[in-house]
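Contents: one structure, followed by commentary.
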Amino acid sequence: MLRSCRYGDYVPSRGISYLFVVLFTISTRYCPPGQGLYARMWWTIPTFLLAGALEILGWSERLWSSFAPSLDTPYMIQIVCTIIGPTPLVAANFIILGAIIRILGPMYSRLGPRNYSRVFLSCDIISLVVQGGGGGIAASASDLDGANLGAKIMLGGIIFQLIVIVVYSSLSTEFLFRYFYDRPLGSGVPANQSQTTLSSQEYRGEMDTKMEIMIGGLCFNILCLFIRAIYRTIELADGWHGRVINTEVYFNVLDGAMVVLAIYTLNFAHPGNLLDRDMGKSFAKKDRSSMELSIVGRERV
């Protein structure tokens, strides 16, 4: 044990810890899993449900620490859970964006819907493993050198996640820009103009109110997770004795509150309510078929 109080200059607030346990429990118990299972979106289990469960466990351990701040076990668990908890939620963003691209038109995206899942989910898993491993080393360290090693590993995982979020956000912004201005990749011809050939990727879906809400919710969700990742990067770079890690209000607002906002955003803008049950797969097939029939009709005329 490095200090008599593992949290340095403060003891976790009991009231705040209770509040976050309740908020994450409500969100995880009643909203995303239930909505996802009702819509048969099984991928919500390792994303929404896992993220919520990790946050509940992490804040429960901080609540335990508010009664016994010198104990190692709750401190170790909360480090690991709060550092990796939002990572599955980031993965949900990648899956939802893939569905949005599938519905609105893959020809506007630099990556196909499947590649978004494959590439970014792989990066998310790497980030999860690195952060979790670093958190475990830091939490179980018996001296400052061991704790610093764990912090550096966690910092590497967070920076990697931050880079992934930036790349993801850039690609999704480009996709939306191309869609709204009708500028498909590799073609100067807008999709709504007459075409004599149609590939499996060349169609333009309609932007309805539900889709607008889904995109708005997704943007706000990733913004919250981005702010949280920046905070965690600064916190770990500042060191165990730095001002950031030893100021509880920073953690409560820039970590806990950001994750609450992110997960509750997807409670209200849930893909089970706003997107097709099959995440746009049948929509894409139907849209392509109708366009093919339309083109055939124009050719006959």
Side-chain angles (χ1 to χ4, degrees), residues 24 27-28 31-36 38-39 41-52 55 85-106 108-124 127-128 161-181 204-230 257-281 283-284:
F24 282 118
S27 173
T28 304
C31 294
Q35 292 168 316
Y38 176 77
M41 293 180 170
W42 309 116
W43 57 268
T44 60
I45 295 175
T47 53
F48 293 162
L49 181 59
L50 179 58
E55 291 293 338
T87 303
L89 204 56
V90 177
N93 274 266
F94 304 151
I95 296 172
I96 295 170
L97 180 63
I100 291 173
I101 290 172
R102 190 178 293 115
I103 293 171
L104 296 182
Y108 299 106
S109 175
R110 199 162 292 275
L111 290 177
R114 289 186 178 180
N115 286 333
Y116 264 98
S117 297
R118 292 172 180 171
V119 173
F120 286 105
L121 285 179
S122 297
C123 293
D124 210 46
S127 173
L128 180 68
Q161 185 180 67
L162 192 59
I163 293 172
V164 170
I165 291 176
V166 170
V167 173
Y168 159 81
S169 300
S170 300
L171 290 173
S172 58
T173 300
E174 182 195 22
F175 164 74
L176 292 173
F177 176 85
R178 288 184 176 277
Y179 175 83
F180 285 123
Y181 287 94
R204 177 183 173 85
E206 294 298 323
M207 176 81 71
D208 58 14
T209 302
K210 286 186 176 181
M211 180 61 72
E212 291 175 353
I213 295 173
M214 185 74 261
I215 291 174
L218 202 63
C219 291
F220 183 72
N221 176 279
I222 201 65
L223 175 62
C224 293
L225 296 176
F226 181 69
I227 292 172
R228 180 259 177 191
I230 292 176
M258 289 300 104
V259 181
V260 165
L261 288 174
I263 200 167
Y264 269 85
T265 298
L266 293 184
N267 287 161
F268 295 103
H270 194 282
N273 300 326
L274 302 176
L275 301 179
D276 293 334
R277 178 174 294 183
D278 63 354
M279 300 295 282
K281 293 178 182 178
F283 176 90

Check C224 against L261 and note the closest heavy-atom contact, atom names and distance.
SG-CB, 3.8 Å
Under 3.5 Å side-chain donor-acceptor pair for N267 and S27
yes
What I'd like to find out is whether the side chain of P271 reaches to under 4.5 Å of the side chain of W43, using heavy atoms alone.
yes
Between Y179 and R204, is there a cation-pi geometry (under 6.0 Å to ring centre, at most 45° from the normal)?
yes
Could you check if a side-chain atom of P86 sits within less than 4.5 angstrom of a side-chain atom of M258, using non-hydrogen atoms only?
no
d(L50 CG, T87 OG1) to nearest 0.5 Å is 9.0 Å
First locate atom CD of E55, then atom OG1 of T28, and finally report the distance between them rounded to the nearest 0.5 Å.
8.5 Å
Let me see the working for L171 and Y116 under side-chain contact (heavy atoms from CB on, under 4.5 Å), right down to the final yes or no.
CA-CA 10 Å; L171 290 173; Y116 264 98; 3.2 Å; yes
Minimum heavy-atom distance Y168-L218, with the two atoms named:
OH-CD2, 3.7 Å
As a quick check of understanding, evaluate side-chain contact (heavy atoms from CB on, under 4.5 Å) for I95 and L121, giving each step before the final call.
CA-CA 8 Å; I95 296 172; L121 285 179; 4.1 Å; yes
Where L49 and I45 come nearest, the two heavy atoms and their spacing
CB-O, 3.1 Å
Locate the shortest heavy-atom distance separating M214 from A269; write the atom from each residue and the value.
CE-O, 3.1 Å
Test item: L275 and M211 side chains (from C-beta on) under 4.5 Å apart, heavy atoms
yes
I need the L162 CG to R228 CZ distance, nearest 0.5 Å.
10.5 Å
Report the relative orientation of the aromatic rings in Y264 and F268; use parallel for angles under 30°, tilted for 30 to 60°, perpendicular for over 60°.
tilted
Check against side-chain contact (heavy atoms from CB on, under 4.5 Å), I213 and D208
CA-CA 9 Å; I213 295 173; D208 58 14; over 6 Å; no
With a 4.5 Å cut-off on side-chain heavy atoms, are F48 and L266 touching?
yes
So which heavy atom on L89 is nearest to which on N93, and how close?
O-ND2, 3.2 Å
Can you tell me how far the SG atom of C219 sits from the CG atom of L176, to the nearest 0.5 Å?
6.5 Å
Should the ring pair F94 and F120 be called parallel, tilted or perpendicular, given that the plane angle runs from 0 to 90° and is split at 30 and 60?
tilted
Any donor-acceptor pair under 3.5 Å linking the side chain of S172 with the backbone of S169?
yes
Using atom types as modelled and distance alone, determine if a side-chain donor or acceptor of N221 lies under 3.5 Å from a backbone N or O of A262.
yes
Heavy-atom pair of closest approach, residues P113 and G98
CB-O, 3.4 Å
Given M207 and I215, is the side-chain contact (heavy atoms from CB on, under 4.5 Å) satisfied, shown in steps?
CA-CA 10 Å; M207 176 81 71; I215 291 174; 3.6 Å; yes
Does the S122 side chain pair with the main chain of R118, one donor and one acceptor, at a distance under 3.5 Å?
yes
